[in-house]
Each structure stands twice: as C-alpha cells, then as structure tokens.
Amino acid sequence: MKITRITSHVLSCDMPELLGYSQQYYAKRSAHLVEVETNEGVTGWGECFGPGNVALANKSIVEKVIQPLIAGDNPMNRDAIWHKVYNLLRDHGQKGMPLQALSGVDIALWDIAGKITGQPIYNLLGGAHRNSVGVYGYGMMLRPESVTELAARFVDEAAEIREAGFAATKMKIGLGPREDAKLAAAVRKGVGEDFDFMADANHAYTTSDAFYVGRALDELGAYWFEEPVAPEDHAGYSELRRSLKINIAGGEAEFNRWGWKALLESRGLDIAQPEVCALGGITEYQRVLSLCHAHFTPVVNHVWGSAIAVAANLQLLAAMPPLPGGLFPREPWLEFDTTENRFRDELLSVPLNIQNQVKTNAGRVAIPDGPGLGVTPDREVIEHYKIC
C-alpha cells in the first residue's frame, strides 16, 4: 500500500455572533481537514490546529511541502514517516505551523491504520481504559460588552451549561484582573457551590496580574487556572504553581516531546493540556503523554476544531491510563465548545450527538468503536463550506 495523494480542505462559515477570548474577537469559524488517500482505496482523515489565515498557510505546508516528501510511502510506517518529515523540516521550524501541518497528516495515517486492521485507534494504542468519558462544556466567551453586561450573561450561561448535563464548565477571562474577578464570581453564582468551573486566560497576564486573578479564583474554589501567563514563561508558571491553591493548567501552545520535556521539568503544571492537532499528531502525542505521566502530571487534552478533532481526542482519552490509579481516580474529561460549531455537529455522516449524550448519560459520551477514528465525514458538507 502506498500514499497517493494528500488534500487539505479548509472550511469556513460565519458565526451567529461575535465571540472572543483575551487575544481577539472573531466572526468566522474555520476548520482544516486533511485527507490522505492510498492506492488501495483506503482514505484517512486528520485535522490541523490553526484558524483562519493560519489554516490557509498550513494547507500549503501539507500539500506543497509534506506531500512530496511522503508520496509513495507505506502509510502504515507512521513513526518512520513522522521522523522523516520532522527531520527534513527541523531547520525550518521545530514548533508552530510545520508541526500543526504534520499533525493533521499523522492523525489521518492512524485513521488509515485502524481501517486496514479493522480496529479503533484506541486498540492500536494498547486498548481502552474506559468506554465513555466525562465532558466539560466551555462557554462564557468574551464579547465587546461592559463587564456588568458580561457578568449578567455569564451567570445565565453558566447555569445553562450545568443544566445541560455537563460534568463541569470553563469560562474565558482576560479583560483585566479586577474585571476577571467579577466575571469569575458571576460564573460561580451561576453554577452554584458544588460544581467545578475553570478559567482560561489564554496567556493574557504578567505574573503579578496572574497572581491577583489566581487568588480570586482560589477564593471561589475554581478547579484550574488555564494559561495564566505566556507559554514561554516557564518560571512564571512555576512561581504561580508554588504559591496558589488552584491547579495551574497549560500546554496547548507547546509542541513535540522536546518542548514538553522542558515544560514538565520546570514543574509549572498541575494539569497538562496537549493539543494533538498541533503538537505532532497521535504519534508524537503518545510520547508527550508518557512524559507527562513520567512527571506525575495528569492530562486533560486541549480540544478545538471539527468533529475529526473531537473523534481523535475520544480515541486518545479511551486509551489514556488513569493517573495515579486506584478505585476512584479523577478521570480525564473531554473539552467541548458549547457555542455553535457546524463543523462538529453537521460534518459527519453519523453525528456524534455529544450534547444529547451528555444530557442523557450523566455528563458522559461514548467512545466511537468503529475502525480508525470511528467516524466518516460527509463530503457534501465539506464541499458546501470549503473555501480552498
């Protein structure tokens, strides 16, 4: 069997309202799907992290740089292909967009391997530790409104997410330390005292401002403080972790085993959040997971994108060993965007129906058990939303 063609499908659509986080507002949703074809008719699907113009640039890397390197290779040689591409691109970027592009290709190769062997990816990774996972719903996105308006909105939205059956919820912050404290208090009011909520700053703060927000979150009993400072600031992460009660989470902007090795050795994380569609795909994710567990750092994957990204993460969460183990371990969650996402809810020929599963299954969703990723994209949907 040989790889014959690799195609990027960049999708885009208007969102019903302007949403944002600490770095920007956005009015369009996008997704970057990767299709790997073989001479025996088996096709695999993957996804590259990166929205908007980043997806357009990554399309060129996938099709113009990576495809010529591996066309004709056996798709089952996933590790050999990974190192071949990484070593040839090492001089041009050990992090960032080359790794995002490689991630989508690698995930598609795992999908092919599962289809060839007739097994879900979690079996190829060693078997399932669980057949369903808890789901946390993130919402409470920033909008160009006053703090008073946002706080009122956050109370209602947080309550709605809990009522929808999710196991926990996550909010966006980053307006400013005092403003964020008010928004966090609104979310606590919305979910009540006995429900986990988390706050994501998307690296908006200096260490001193992060301490102000972190202490406010401590008082409110929040479960984790995500990306409080810049991803390069390992010392800042470590200082926050030593001094705050709240769990410090991060890592979505880190790449490959070497980047994760330095991050974990800095001892700045209570919870690691690798992004499989960015760090190098499933092949490299498995090495990063092993590093995290070798440092006794629990993993809750970062999840962003289409139904392909969600399906890939469900396979990984099924195969993830509990840490540290025991009768009642805190199990990993699936991250789920509660805002409108057509590329998740409309993309598949058979939808995952996560919202319905969460509502009827005590906040949990089943792991797809079909071959490979266990899902099949609808080509008509892809063509409808494809921009290039």
Side-chain angles (χ1 to χ4, degrees), residues 8-13 26 29-36 44-52 54-55 58-59 62 97 99-112 114 120-122 125 133 135-138 170 200 251-255 273-286 288-289 299-320 332-355 357 365-368 370 372-378 381-382 385-386:
S8 279
H9 305 276
V10 179
L11 315 182
S12 180
C13 68
Y26 54 95
R29 185 180 293 280
S30 59
H32 179 182
L33 308 183
V34 175
E35 179 183 9
V36 177
W45 292 90
E47 182 162 355
C48 303
F49 183 81
V54 173
N58 280 339
K59 175 182 172 68
V62 169
M97 292 161 64
L99 269 294
Q100 292 171 350
L102 177 56
S103 297
V105 174
D106 181 80
I107 293 168
L109 296 180
W110 279 88
D111 190 30
I112 288 172
I121 288 173
Y122 64 71
L125 297 174
V133 294
V135 185
Y136 79 82
Y138 87 74
K170 187 171 78 179
D200 184 1
E252 70 183 75
E254 192 52 84
F255 298 86
Q273 297 174 300
E275 168 54 71
V276 68
C277 297
L279 63 78
I282 293 174
T283 298
E284 192 68 355
Y285 171 93
Q286 286 300 105
V288 169
L289 176 65
V299 172
V300 180
N301 294 349
H302 178 266
V303 183
W304 179 92
S306 80
I308 298 299
V310 174
N313 277 280
L314 285 170
Q315 295 293 323
L316 296 175
L317 291 169
M320 184 188 298
W333 284 321
L334 174 71
E335 179 176 10
F336 185 84
D337 177 2
T338 62
T339 64
E340 182 194 78
N341 188 340
R342 299 177 208 173
F343 305 141
R344 180 192 61 219
D345 298 337
E346 300 177 14
L347 180 68
L348 303 179
S349 57
V350 178
L352 290 168
N353 284 325
I354 289 178
Q355 297 95 320
Q357 290 192 62
V365 62
I367 308 297
L373 291 171
V375 298
T376 303
D378 185 327
V381 174
I382 291 174
Y385 289 109
K386 185 173 178 177

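Note that the structure is predicted; figures quoted are calculated from it, not measured.
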Identify the heavy atoms of [X] and [Y] that sit nearest to each other, and give their distance.
X	Y	value
N341	G305	ND2-O, 3.0 Å
G281	D106	C-OD2, 3.4 Å
W304	P51	CH2-CB, 3.8 Å
L314	I367	O-CD1, 3.4 Å
P368	L373	CB-O, 3.9 Å
F343	A31	CD1-CB, 3.9 Å

Non-neighbouring partners of E284 that pass side-chain hydrogen bond (donor to acceptor under 3.5 Å, both in side chains), sequence neighbours left out
R257, R287
Looking just at side-chain N and O atoms, do [X] and [Y] make a donor-acceptor pair shorter than 3.5 Å?
X	Y	answer
N301	Y285	yes
T283	W110	yes
Q273	H302	no

Given the rule in the side-chain contact (heavy atoms from CB on, under 4.5 Å) test, do V300 and Y136 qualify, once you have shown the distances and angles that lead to the verdict?
CA-CA 11 Å; V300 180; Y136 79 82; 4.2 Å; yes
Any side-chain to backbone donor/acceptor pair from [X] onto [Y]? Under 3.5 Å, distance only.
X	Y	answer
S349	T376	yes
Q357	L352	yes
K59	S8	yes
E275	G251	no
N313	A309	yes

Are the side chains of [X] and [Y] in touch, meaning some heavy atoms are under 4.5 Å apart?
X	Y	value
C48	V62	yes
F336	I354	yes
E254	L279	no
L347	L33	yes
I107	V34	no
V54	M97	yes
Q286	L125	yes
V135	E335	no

How many angstroms lie between [atom1] in [X] and [atom2] in [Y], if you round to the nearest 0.5 Å?
X	Y	atom1	atom2	answer
H9	I382	NE2	CD1	5.5 Å
I121	I282	CD1	CD1	4.0 Å
N353	D345	CG	CG	8.5 Å
Q100	L102	CD	CG	11.0 Å
S103	N58	OG	CG	9.0 Å

Among all residues two or more places apart in sequence or in another chain, which pass the salt bridge (charged side-chain N to carboxylate O under 4.0 Å, His left out) test with D111?
K115
Go through the structure and list residues passing salt bridge (charged side-chain N to carboxylate O under 4.0 Å, His left out) with R29, not counting sequence neighbours.
D337
Residue of the set E47, H32, E346, R342 for which side chain to side chain donor-acceptor pair (under 3.5 Å) holds with S306:
E47
